[in-house]
Undergrad: 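I have a structure I would like to understand better, so I am pasting it below and will then ask my questions one at a time.
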Amino acid sequence: MSADVPLEEPARRLTGADGARDSDVWVRSLRPWDGYFAVVWVVTLAVVLEAAQPSWPVRATAAAIVALNLPWYVLVGRPAVLDDTKAEGPARCYVVGAMLLFLPTAMLVGETQLVTFALAPQCFMLLRLRDALWVLGIMGAVPFAGWALLWRPTVGEAGFRFLLAVATFAFSAFLGQWTMRIIAQSRDRAALIAELEAGREEIARLSTAHGALAERERMSREIHDTLAQGFTSLLMLSQAVESELDHDLPQARRHVALMTRTARENLAEARALVADGSPADLAGTSLPDALCRLADRHTAQTGAPAPLTVTGVVRPLPTAYEVVALRSCQEALANTRKHAGPSVPVSVVLEYAPDALTLSVRDEGCGFDPRARREGYGLDGVRARAEEAGGGAAVRSAPGAGTSVTVTLPLPLPSAAPAPDASRRSTR
């Protein structure tokens, strides 16, 4: 919006039309303006009554007409200023009435022109800028012309009155336009502030919604990778026990003990999840040890070997990286049990490089076509975890050729050289 457009609106419309009225100084309260107008009219009455010319009856008549401005303002002008309906009728009616009271008295007694200091602000309050300037021009030209024709002053006196009228018009016009521009800029800035506040509220709302969505996705991955897999293992073990109770009681007892162990581990994972802590398998231990326990559980549940190979310099890593590696291994082993078969051999390789951590889980199962559409959350969750840590996940498989899941995470370079025995290659 250009600065010229709002200047065509009265000040009463530049403020308060959209609820900003309570915060705009111009019309926040008319009491200061009421006092100012009253002072101008009282001073004008005093000056007119004490003037040396013209005669007393003329001055008394002019003073009486000036006094009518007060009830006219109270009854018509003040309600028009407070009107925010953009109705121009009351405003124009008041200005016309005020001019009819002002012009005759200004012709009779020149001192009456002091009323201009009250009428000029009212014109800018009630009229458009162009109309207000026209009214100010009439207020300066008509009284001077009428006074000069009526009283036939000397050239010097007429020149003084003319300069006074021009100066009054110029001052009023300048001050009125300047004030209107300030009001227009204040309204534009108020609108901008309102937009910024609305934008900030929207950003806060979206940020909260995004945070809730991210937390929901995180909890979904955690539940899928921990509790859901544990319950799946319990279900598989319970089915195995049911089939073994009649003909292989020692094996059934071994599976029942494994069910108890799995239930305890699931309970520990649930407590860690509620506490928003690190996985229970990583509590007080290293990543290779946690992966070794995962491989042992897989072997205990399936009977298939799952050797773990660790290469490179084993060193403590940020918890976020170790969680990604641990959960990825959990998901890969769970997929092996579910899709490749319980007796399929699996190999787990953990490689510590100076700038990366790589986890690879490979099975010798039936494989699948990675391009085929599939259901499930597991592999997508592995990719999402790796990408959040700045790395990536790759799944390689083919029908009849097994499956490998490889997760690579970039790591900061170690700050100090490792001890000579810190690098190892262990195969279990």
Undergrad: V47: which residues meet the side-chain contact (heavy atoms from CB on, under 4.5 Å) condition with it, sequence neighbours left out?
TA: V43, E111, L114
Undergrad: Specify whether Y36 and W33 have parallel, tilted or perpendicular ring planes, treating 30° as the upper limit for parallel and 60° as the lower limit for perpendicular.
TA: perpendicular
Undergrad: How many angstroms lie between atom NE2 of H210 and atom CD1 of I203, to the nearest 0.5 angstrom?
TA: 13.5 Å
Undergrad: So, using side-chain contact (heavy atoms from CB on, under 4.5 Å) as the criterion, who are the partners of A300 when residues are at least two apart?
TA: L258
Undergrad: Starting from the C-alpha separation in whole Å, work towards a yes-or-no answer on side chain to side chain contact (heavy atoms under 4.5 Å, CB included) for F124 and L175.
TA: CA-CA 10 Å; F124 287 108; L175 186 61; over 6 Å; no
Undergrad: Of all heavy-atom pairs between C329 and V348, which one has the smallest distance, and what is that distance?
TA: SG-CG1, 4.1 Å
Undergrad: Do L287 and L357 touch side chain to side chain, with heavy atoms closer than 4.5 Å?
TA: yes
Undergrad: How many angstroms lie between atom CZ of R297 and atom CG of L333, to the nearest 0.5 angstrom?
TA: 9.5 Å
Undergrad: Please test Q330 against L294 for side chain to side chain contact (heavy atoms under 4.5 Å, CB included), starting from the C-alpha separation and ending with a verdict.
TA: CA-CA 7 Å; Q330 281 180 320; L294 278 181; 3.5 Å; yes
Undergrad: What residues, two or more places apart in sequence or in another chain, satisfy side-chain contact (heavy atoms from CB on, under 4.5 Å) together with E197?
TA: I193, R200
Undergrad: Take atom CZ in F117; do more than 12 heavy atoms of anything else shown fall under 6.0 Å from it?
TA: no
Undergrad: Short question: side chain of T44, backbone of V40 - any donor-acceptor pair under 3.5 Å?
TA: yes
Undergrad: Are T116 and F102 close enough, and set up right, to give a side chain to side chain contact (heavy atoms under 4.5 Å, CB included), and what steps lead you there?
TA: CA-CA 9 Å; T116 304; F102 169 73; 3.7 Å; yes
Undergrad: Of all heavy-atom pairs between A62 and V48, which one has the smallest distance, and what is that distance?
TA: CB-CG1, 4.2 Å
Undergrad: Which heavy-atom pair separates A353 from R315 by the least distance, and what is that distance?
TA: O-NH2, 3.3 Å
Undergrad: Let me have the donor-acceptor pairs involving side chains of residues 390-405, under 3.5 Å, with sequence neighbours excluded, atom names and distances please.
TA:
unit_1	atom_1	unit_2	atom_2	d
S397	OG	F368	N	2.9
S397	OG	F368	O	3.2
S397	OG	G402	O	2.9
S397	OG	T403	OG1	2.9

Undergrad: Kindly determine whether Q122 and L119 satisfy side chain to side chain contact (heavy atoms under 4.5 Å, CB included), including the steps that lead there.
TA: CA-CA 5 Å; Q122 294 175 6; L119 294 182; 3.7 Å; yes
Undergrad: Drop me the distance from T112's OG1 to L103's CG, to the nearest 0.5 angstrom.
TA: 11.0 Å
Undergrad: Over all heavy atoms of both residues, which pair between P288 and L350 is shortest? Give the atoms and the distance, please.
TA: CG-CD2, 4.1 Å
Undergrad: Does the distance from a Lys or Arg side-chain N to an Asp or Glu carboxylate O, for E202 and R205, drop under 4.0 Å?
TA: yes
Undergrad: Mind checking the CD-CE spacing from Q113 to M107? Nearest 0.5 Å is all I need.
TA: 10.5 Å
Undergrad: Atom SG in C123, atom CG in L129: separation rounded to 0.5 Å?
TA: 11.5 Å
Undergrad: Going from OG1 on T408 to CG on L359, what distance comes out if it is rounded to the nearest 0.5 angstrom?
TA: 9.0 Å
Undergrad: Where do A118 and W41 come nearest, in terms of heavy atoms and distance?
TA: CB-NE1, 4.1 Å
Undergrad: What closest approach, in Å, do L133 and A173 show between heavy atoms, and which atom pair accounts for it?
TA: CD2-CB, 3.7 Å
Undergrad: Is any side-chain heavy atom of E195 closer than 4.5 Å to one of L192?
TA: yes
Undergrad: Just wondering, do V349 and R362 contact through their side chains at under 4.5 Å, heavy atoms?
TA: no
Undergrad: Under the side-chain contact (heavy atoms from CB on, under 4.5 Å) test, which residues partner I65, sequence neighbours left out?
TA: T61, L101, T105
Undergrad: Side chain to side chain donor-acceptor pair (under 3.5 Å): which pairs involve residues 64-77, sequence neighbours left out?
TA: D34-Y73
